[in-house]
Asks: 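Would you mind keeping the following structure in view while I ask a few things?
Because only heavy atoms are used, hydrogens play no part in the values below, and waters and symmetry mates are left out as well, while side chains stay in. Being a predicted model, the structure only gives us computed values, none of them experimental. Chain A is the first sequence line, chain B the second, and so forth, proteins listed ahead of strands; every chain is numbered from 1.
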Protein chains: 2
Amino acid sequence: MKRIATELGVSVALVSYVLNGKMTDRINEDTAKRIRDLAEKLNYRPNQIAKSLKNSKTYTMGLIVADISNFFYSHLARYIEEEANTHGYNLIFGSAYEDPKRFENILNVLIGRQVDGLILAVPEGAEHCIPYLQEIEIPFVLIDREFPQFDKITTIGLDNFKSSKSIADHFLSQGYKRLGAVGLSTNLYHLQERKRGFVETASASLPAGAVFSYEIIEERLNEEIEEVVATAVNRDKLDAICFFTNKIAMAALPIIVKLNLKVPDDIAVVCFDEAEAYKLFSCPLTYVRQPLQAMSSLAVDYLTDGEQRLRGNHIKFDSDLVVNRSSLRTL
Amino acid sequence: MKRIATELGVSVALVSYVLNGKMTDRINEDTAKRIRDLAEKLNYRPNQIAKSLKNSKTYTMGLIVADISNFFYSHLARYIEEEANTHGYNLIFGSAYEDPKRFENILNVLIGRQVDGLILAVPEGAEHCIPYLQEIEIPFVLIDREFPQFDKITTIGLDNFKSSKSIADHFLSQGYKRLGAVGLSTNLYHLQERKRGFVETASASLPAGAVFSYEIIEERLNEEIEEVVATAVNRDKLDAICFFTNKIAMAALPIIVKLNLKVPDDIAVVCFDEAEAYKLFSCPLTYVRQPLQAMSSLAVDYLTDGEQRLRGNHIKFDSDLVVNRSSLRTL
DNA sequence: AAGAAATATTTAATCGATTAAACAAAATAT
DNA sequence: ATATTTTGTTTAATCGATTAAATATTTCTT
């Protein structure tokens, strides 16, 4: 801008007015044209850094996901970016890879870069950031994972209780009698809700002669999963099993292949989340589909002041159980 | 900073010196402590925007990938982020979803935000950005995709010719006689190299009685793939097939399941890239593994002035062909 | 022709930091 | 007691934009 101003012998302010289309009625059309032409010729791009500093508005939203290499989050990121764009915002994102230290670090970077709002999938162990964010009054919304121990935190997620309830109900309605679910050893509330939905439903409406079990992966998924699956089938004689996260499913399904188990004849399977990868499996899989687009849209809308009625609430979306052959009794 | 300064009755400059640890030998240890303590208490975080404006250095690198929901890029992004972090840089990234308009848009955003360097996987149709970037003299490096029509562009990618040559050689060494490959209708150089590697190797060293074919997906992968696979098997009687991108593989493998083809008995298969999803397939797949970490590391290193000998060169990494049962003659 | 109104442009403060240079006060040297 | 260092702190310009308010110029009124 300075260069344009000196080359044309006008003030920087005038250049600014012209290039921003302000005070159009006052500015000489000739001068304006000369400024625009030179800007074009010099390939002028405004320095957004300076702009943001002045406006204290960056038109940027920050997204931190727990793990971008998890397709659930990479798809979520895609929807959020799209939605942000249509609202005139840009999205910058980071991935914490489930590490609280990294989460905090990225959070500080994004706050330092003055994002206008944050969408966060908080990893376990980084909860303490939540009251801090409230304190510094930066607009934010939690997504996917909720933390009921804190008050008045706008949160958008799935009704995880209902989702797993629907899985247990589905198994039972298909006449399966020996149900199992595999979850992670974690305090993350949304995963506990999945467990609760399954366990409570199973205990409440278990028909005569039926059993259910709940297996927990303690630490190292890939090392433990084989034994869990083998035990489930051989010792517990399960005829239906549900994997509570896509990571578990991605680890367990190859084991099912390896153990030469037929789905659904030897065991019925239901997974969480929607994955292209599931299509490579020998049998079309039943899975819980989360309404990613609706969630993304609502989150962005809230942050851009569109939907302030959400403030402080926990929004729980319903999932669809997409039923495929993997959990259907063979006719 | 201003608040700290007024509350303690000192100048903003002093606060700046203290918090940045500059002029340590001159500053009264007492004053320094009071400043640090108050900063701590007020939870002061520097405004990076202002910092960047002053320094014209943002310690941020930009990454634009062709499609973040493609696991090849999401893994690449992960490595690049890690590498950038260890160099003291932050990474902000965007995804163009193969759309040149979007690419250009994100590019402008990142440039406007004054990133210190760019790592780019350029989608087809956005090539014109490359000379522009040269002209404005922003440091950048192309990754994965190369554009030989431009001079002196630092590019890091795979030796795609060699990679597909190794696939064809492998098929032939296994005694397969009817080879096929499936690629995309595109002008992207790296994909043409894959084709060339396969076709030239096949034509050069085709044993008596052997044939090869090269199929092209014109437009809509998911609609066309079924016919391509069916034709390959039924009409062309191929006994070995190679999918030139992971997207093609992800679309083709379900078709192989659907057509009830046995791998490798009915047809041998080789894919590009490494995917967790491949593990769900009934047979362990042979695939081309790209050295993502080495590529990422080199790219970041170059941009942080570590490795300037690369400047203007096209670096081609060798891939590993990870051989699994899917391309082995049954004994 | 003088004043009012409309048009065109500039001045100067500001955003939140950084930093060379100036200044002030205390300690040391002569 | 005065000059010189050393120590401690402030002033003011700067990065690249924005924008209210001031000013200058032209045109219109009567």
Asks: For the side chain of P46(A), starting at C-beta, report the closest nucleotide among dG16(D), dA17(D), dA12(D).
Replies: dA17(D)

Asks: Is the charged tip of R311(A) near the ring of Y302(A): under 6.0 Å from the six-membered ring centre and within 45° of its axis?
Replies: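 No, cation not above the ring by the 6.0 Å, 45° rule.
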
Asks: Can you tell me how far C1' of dA17(D) sits from OH of Y59(A), to the nearest Å?
Replies: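 In whole Å, dA17(D) C1' lies 15 Å from Y59(A) OH.
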
Asks: Sort and list the pairs that fulfil ring pair (Phe, Tyr, Trp, His ring centres under 6.0 Å) and have at least one residue in residues 11-34 of chain A, not counting sequence neighbours.
Replies: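 Listed by first then second residue: nothing to list.
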
Asks: From NZ of K51(A) over to P of dG16(C), roughly how many Å is that when rounded to an integer?
Replies: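 It works out to 18 Å between those atoms.
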
Asks: Nearest-nucleotide wise, let me know which of A32(B) and K54(B) is further upstream toward the 5' end of DNA chain D.
Replies: A32(B)

Asks: Within less than 4.0 Å of OP1 or OP2 of dC15(C), is there a side-chain N or O belonging to K2(B)?
Replies: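 So the side-chain polar atoms of K2(B) do come within 4.0 Å of the phosphate oxygens OP1 or OP2 of dC15(C), strictly under.
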
Asks: dT11(D), dC15(D), dC15(C): which one has an atom nearest the side-chain heavy atoms of L53(A)?
Replies: dC15(C)

Asks: Which heavy atom of S69(A) sits nearest a heavy atom of H75(B), and at what distance?
Replies: CB-NE2, 3.9 Å

Asks: Could you check how far CD of Q48(B) sits from P of dA17(C), rounded to whole Å?
Replies: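 Atom-to-atom, Q48(B) to dA17(C), this comes out as 9 Å.
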
Asks: Give me the atom names and distance for the closest heavy-atom approach of G62(B) to L91(B).
Replies: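 Of all heavy-atom pairs spanning G62(B) and L91(B), the closest is C-CD1, 4.2 Å.
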
Asks: Under 3.5 Å, side-chain donor or acceptor atoms of residues 138-148 of chain B against the rest of the protein: list the pairs with distances, not counting sequence neighbours.
Replies:
from, atom 1, to, atom 2, distance (Å)
D144(B), OD2, Y73(B), OH, 2.6
R145(B), NE, Y73(B), OH, 3.1
R145(B), NH1, E98(B), OE1, 3.1
R145(B), NH1, V122(B), O, 3.3
R145(B), NH2, Y73(B), OH, 3.4
R145(B), NH2, E98(B), OE2, 2.8
E146(B), OE1, H314(B), ND1, 2.7
E146(B), OE2, K316(B), NZ, 3.2

Asks: For I111(B) and dG16(D), what is the distance between atoms CD1 and C1' respectively, to the nearest whole Å?
Replies: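 Result: 17 Å.
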
Asks: Measure the distance from CZ on R34(A) to P on dA8(C) and round it to the nearest whole Å.
Replies: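 After rounding, the reported distance stands at 14 Å.
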
Asks: Does a side-chain N-to-carboxylate-O contact under 4.0 Å join E82(A) and R102(B)?
Replies: yes

Asks: What are the residues of residues 16-31 of chain B, sorted by number, that bring a heavy atom to within less than 4.0 Å of DNA chain C?
Replies: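 Only S16(B), Y17(B), N20(B), K22(B) qualify.
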
Asks: Take atom CD1 of I35(A) and atom P of dT10(C), then tell me their distance rounded to the nearest Å.
Replies: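 Computing the I35(A):CD1 to dT10(C):P distance gives 8 Å.
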
Asks: Looking for any heavy atom pair under 4.0 Å, which part of the strands does S56(A) touch: base, sugar-phosphate only, or nothing?
Replies: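 Nothing, no heavy atom under 4.0 Å.
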
Asks: Provide, to the nearest angstrom, the distance between the CD atom belonging to Q114(A) and the C1' atom belonging to dA17(C).
Replies: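 One finds 11 Å between C1' of dA17(C) and CD of Q114(A), rounded.
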
Asks: Counting side-chain heavy atoms from CB outward, which of dT10(D), dA17(D), dG16(C) is closest to A50(A)?
Replies: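 For A50(A), the side-chain atoms sit closest to dA17(D).
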
Asks: Nearest to the side chain of N47(A) - dA17(C), dG16(D), dT18(C)?
Replies: dG16(D)

Asks: From CE of M1(A) over to P of dT19(D), roughly how many Å is that when rounded to an integer?
Replies: 11 Å

Asks: Any carboxylate oxygen within less than 4.0 angstrom of a Lys/Arg side-chain nitrogen, looking at R3(A) and E7(A)?
Replies: yes

